[in-house]
Amino acid sequence: MRALAVEGVWKFYGDYPALRDIGFDVQPGQCVALLGRNGAGKTTLLRILAGLSRPSKGAVKVFDKDHLDRSARSAIGIIGHGIGIYDELSALENLRLFAGLYGLQSPDKAAHQWLERTGLERVKDGLVREFSRGMRQRLAVARAFLHRPQLLLLDEPFTALDDRAIALLQSLLKESLAQGSTVIMSTHQLREALELATHVVLINRGKLAHTGLRTQEMLDDPTYLYRTYGEA
Amino acid sequence: MRALAVEGVWKFYGDYPALRDIGFDVQPGQCVALLGRNGAGKTTLLRILAGLSRPSKGAVKVFDKDHLDRSARSAIGIIGHGIGIYDELSALENLRLFAGLYGLQSPDKAAHQWLERTGLERVKDGLVREFSRGMRQRLAVARAFLHRPQLLLLDEPFTALDDRAIALLQSLLKESLAQGSTVIMSTHQLREALELATHVVLINRGKLAHTGLRTQEMLDDPTYLYRTYGEA
Amino acid sequence: MREKILYSLGIVAALFLARNIWKMLVGLPDEAFQGAIFRVIFFHVPAAFTCFACYLTALIASISYLKSKNLKWDSLSVSATEVGLAFGAANLVSGMIWARIIWGIWWTWDWRLTSSLICWLLYAGYLVLRRAVEEPTERARLSAVMSILSFSVVPFVFFSIKWFRTQHPQPVLYGEGKMDSAYRSMLYINWIPLLMIAVIFVAVRMLQEKRQREIDALRRTVHAF
Amino acid sequence: MLFFRQVATVAAKDLRSELRTKEALNASLSFALVILLLFSFAFSPTSDMTREISGGLLWLVFAFAGALILNRSFARELENDCLDALISSPVSSPALFLGKALANYVLLLGIEFVCLPVFGVFYNVSWAQQLPSLALVLVLASWGVSVVGTVFSALTVNMRLRELMLPMLVYPILIPCLMAAMQLTTPLLAGEPLTGDLFAWLRLLVGFDIIFTALAVVLIDTVLIG
Amino acid sequence: MLFFRQVATVAAKDLRSELRTKEALNASLSFALVILLLFSFAFSPTSDMTREISGGLLWLVFAFAGALILNRSFARELENDCLDALISSPVSSPALFLGKALANYVLLLGIEFVCLPVFGVFYNVSWAQQLPSLALVLVLASWGVSVVGTVFSALTVNMRLRELMLPMLVYPILIPCLMAAMQLTTPLLAGEPLTGDLFAWLRLLVGFDIIFTALAVVLIDTVLIG
Ligand code: HEM
Ligand SMILES: Nc1ncnc2c1ncn2[C@@H]1O[C@H](COP(=O)(O)OP(=O)(O)OP(=O)(O)O)[C@@H](O)[C@H]1O
Ligand SMILES: Nc1ncnc2c1ncn2[C@@H]1O[C@H](COP(=O)(O)OP(=O)(O)OP(=O)(O)O)[C@@H](O)[C@H]1O
Ligand SMILES: [Mg+2]
Ligand SMILES: [Mg+2]
């Protein structure tokens, strides 16, 4: 069973095709780096995968179910540009809310567990508004991992994070990869992404330019990819 | 004459000191990388330097004038998180507006010149709203450089830019450094910043942790700085 | 080719309208109570019906857009709404002129009049809403929803004279109002050219919309590096 | 079952975060008071006149203050991209919508029950004579306002002129509902019972509520997922 | 000299970008029409009553529609952090403020001059009998509204509940100004000339304008630079 199957996806903004016939498969356990220059269509694609937007043509299957399906959605975890956390609620309330929405058996237990894992247990009753950026980012991670998603979609997760926050996120991602989850992340910070990735998908102005394993060359010189498969 | 003199600057948010007794000098022609972990106070400091915010204590001098002074302001150019450009105006109108506000002798000529230099001449009458991200970024650069500022303040200028956009910005910065301008930029993308920087200022939870020349060690291993001067 | 057909249709409609006006002025006698001004009705009522027809078209086009995601339906929806607004305005203004002469005032807060105005404002709101959304697909989607919601007021306009006591004349076509058959047939006959004009306008606007989309797409490619 | 639990969860979240800060509530309450004041200046009502226009006045105040609450409803989700987090969760759009509409409904009713006595004092109206009927009218009309307002809040949330668009679009659609409420409230405030003619208005209110709730539930998915 | 050039540049920029899209203008115009409608329901004005409350009605409409324009004034600068670009330029805060106030003033007057005839038609008021005096009142009162509104637009621009805060804060302060305008407008619309008693109101308007313009110019720097 494929974790994700993207089949001939097009997305039009008006008459402008932001995605043109994108198609690729992701097997469970893979970590895919979604690369491309500014405006290539990474965010557009990730939003479609996350069920936040409908493709104009084509289909997206998550574990062989339509991506807008309820059970497909419960298998997905997202971290976007915003943290997706309510400022006026406490850390615990936030996690309990999402645990409830995802229909977890014991929302309370799941919430506490993830507070502990992200090191937020001792501030669990603090309002998010008062948290520092690092703590908020941790909470966003806890929110995304809470329901043990089998497919993680991350849009530029390393942007504007410092070395420590990046290390935390990387270790969490590694762990959930080890547990068999699938990860797809877009980024411009090639080094951080390629260290983690097992596969690479490169988009060029809305078209699939390359998809395949991450090779040693890419690690050695991140611009290798753009030079080889991108435009001049 | 110092390009910038920061003297005992404190900034309080309520009772919380976001900046604690920051003081350093920058000589003309230097390129300073302002580093620090998330929440260290980089943005707070840059906003004070740019005259967008007043220090709670201490003083900031730009070319020996108070930073809120009109002539100090005309010497400063900023690029922040937003591009600082009006979506409903055309590229030319935007530049002409700022040229006018800065009291340039011939606003029209300056605007055209910078449109040309950033490669936007052929779309000068297009509304900014329709521009792609790369083009907007160029326009923001043109806006910041328009009045030939002697002091450039950049807050995370490389964030979320692709390789090409970073290269463009770097080349423009290099050029204006060569012409004797001073640059101060905050960033988490250490590699890109350190390549350009001549000096380094490290802030740690609002306190100055290190200031000095950028050394070869830093270039070789960007985390060297945090390891040496930062907290555990 | 398409333009030629449209233009010739336009000429036919104009000739038809001229004939009707001639008939109205020369062929029909003044009405007993209201006098010469009564002839406004030959425009007032058909304009209202044309306007409703346009709104209905917009509704159908909007639903079709949501079903098919084809931007052609969106252009039909805007075009029909714009033309509908024009005819709505014609209805309002002719009614107001009439009111000025018969009632002595331009406006009264009567349900029929007011609901017509609400309806007009709602569809004007539709156009304002369209301007606030940049991206064409999103604009089409949101304005389709708006169009569907707006249409809920149209029956209200139509039946307002039934539901409430109003100063506005009772409907002669289906209700208790009475009208001489010569007047009545004139009413119907004059509806034909107005409807033709509406159709032509809608077609022209749709062409414009299509061109506009093409231009936008071209400009985007120019403005994208 | 799951559906209703989700509706309740969403509504509880909205209410909790509103009641924690009470920002929107306070602001729209004081806004309501301010416009009550403005009206009383503008129309310097004599007691006779007040009697005639009390229903209209009251519902205008509710409509204006309500728009502020409704505007916040989806705008609240924008701050940290929370809307994306909600939509990508397995909550269906109708459940999300009904939860938010419910929360708005409760807030709106809260504002109304605070404004009523204040209004009574300012304009010297003894409003409590027909309390059950009045409550019925409030309950029905406020649901209409909440449902329509919440749909438009979702519709306009990503627009450039959100705070301008919402009132501009929402009031015309609400006019039948507000009109009926005004017509019903004026006699009720004057102490007259509901009689013959007024039932037509009540029917209009019920019809409005049903039609727009149905339309909203059908259309909301299209509005939320582009 | 430079000061006035900067004021003009800022005002021209605001007007140009507003007139290019006409969004706020269209929206607040149709909003004005909608509330004219709402009022007419709420108060179902007979011709007698209309005569008494016409000034109040009109200024309420202007105040509500104006708030939408004013709300946009600084909010417009947020989109791309343009406000930072403006403040960091050598334009002084008062120049920035006056430029924006001027742009709002022009837009407000535009809306008023469109609304007046519409009001005249809908409420059957022949409003043009005392045109010069009426224009004077409009010009004076609108300046007060623009200045106060622009200050509060700046004050609230970074608040979480911007669209809620502005009307809540601005109307109470505007009450003297609106009150005077209402008192002056009612007789002028009825065709009576300005006489004895009314000059006191006119003086109030002038005083309001002067005081708040001065206050605003003094305080704006503190408001804009934190
Ligand atoms: C601004 C004011 C007015 C508006 C908005 C208005 C609106 C309408 C509308 C929408 C209709 C067609 C719908 C229907 O027939 O059910 C209509 C029909 C009609 N109107 Fe008006 N009207 C206005 C003023 C007047 C006045 C002043 C008169 C005459 C004194 C008048 C006489 C009629 C008549 C006779 C019909 C035909 C009714 C029928 O045959 O169904 N209207 N009006
Ligand atoms: N709402 C929108 N309306 C119109 N065009 C859009 C919209 N969102 C994205 N686009 C266009 O679609 C293309 C892809 O955008 P997208 O944001 O997906 O790029 P990206 O790969 O995420 O870029 P970046 O690296 O800059 O984030 C771009 O050309 C962009 O201009
Ligand atoms: N408006 C504000 N109100 C209260 N506290 C603030 C505000 N702005 C910043 N702070 C606090 O001041 C400190 C410094 O923030 P600042 O944004 O300057 O950090 P930074 O170095 O730019 O961090 P980052 O790398 O995450 O951008 C942080 O602890 C932050 O929480
Ligand atoms: Mg992106
Ligand atoms: Mg920062």
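Note: hydrogens, waters and symmetry copies are ignored here, and every other heavy atom, side chains too, is used. So you know, we letter chains A, B, ... as the sequences are listed, proteins then strands, and number each from 1.
Between D:Ser30 and E:Met168 the shortest heavy-atom distance is OG-SD, 3.0 Å. Of all the heavy atoms in D:Leu161 and E:Ala24, the pair that sits closest is CD1-N, 3.7 Å.
In this structure, the portion of D:Leu37 lying under 4.5 Å from any heavy atom of chain E is its side chain and not its backbone. Using a 4.5 Å cut-off between heavy atoms, E:Ala63 makes no contact with chain D at all. At a 4.5 Å heavy-atom cutoff, D:Ala67 makes no contact with chain E through either its backbone or its side chain. With a threshold of 4.5 angstrom between heavy atoms, E:Ile35 approaches chain D through side-chain atoms but not through N, CA, C or O.
Here the CG-CZ distance, from D:Leu60 to E:Phe64, works out to 8.0 Å after rounding to the nearest 0.5 Å. Rounding to the nearest 0.5 angstrom, the gap separating the CD1 atom in E:Ile53 from the CZ atom in D:Phe39 is 10.5 Å.
For a heavy-atom cut-off of 4.5 Å, chain E lies close to D:Leu178, D:Met179, D:Met182 in residues 176-183 of chain D. Proximity to chain E at a heavy-atom threshold of 4.5 Å picks out D:Arg160 from residues 134-160 of chain D, in numerical order.
Residues forming a side chain to side chain contact (heavy atoms under 4.5 Å, CB included) with E:Leu68 (at least two apart in sequence, or on another chain): D:Leu164, E:Ser28, E:Phe31. Legend: residues meeting side chain to side chain contact (heavy atoms under 4.5 Å, CB included) with E:Ser17, ordered by chain and number and at least two apart, are B:Glu88, B:Leu89, E:Arg76.
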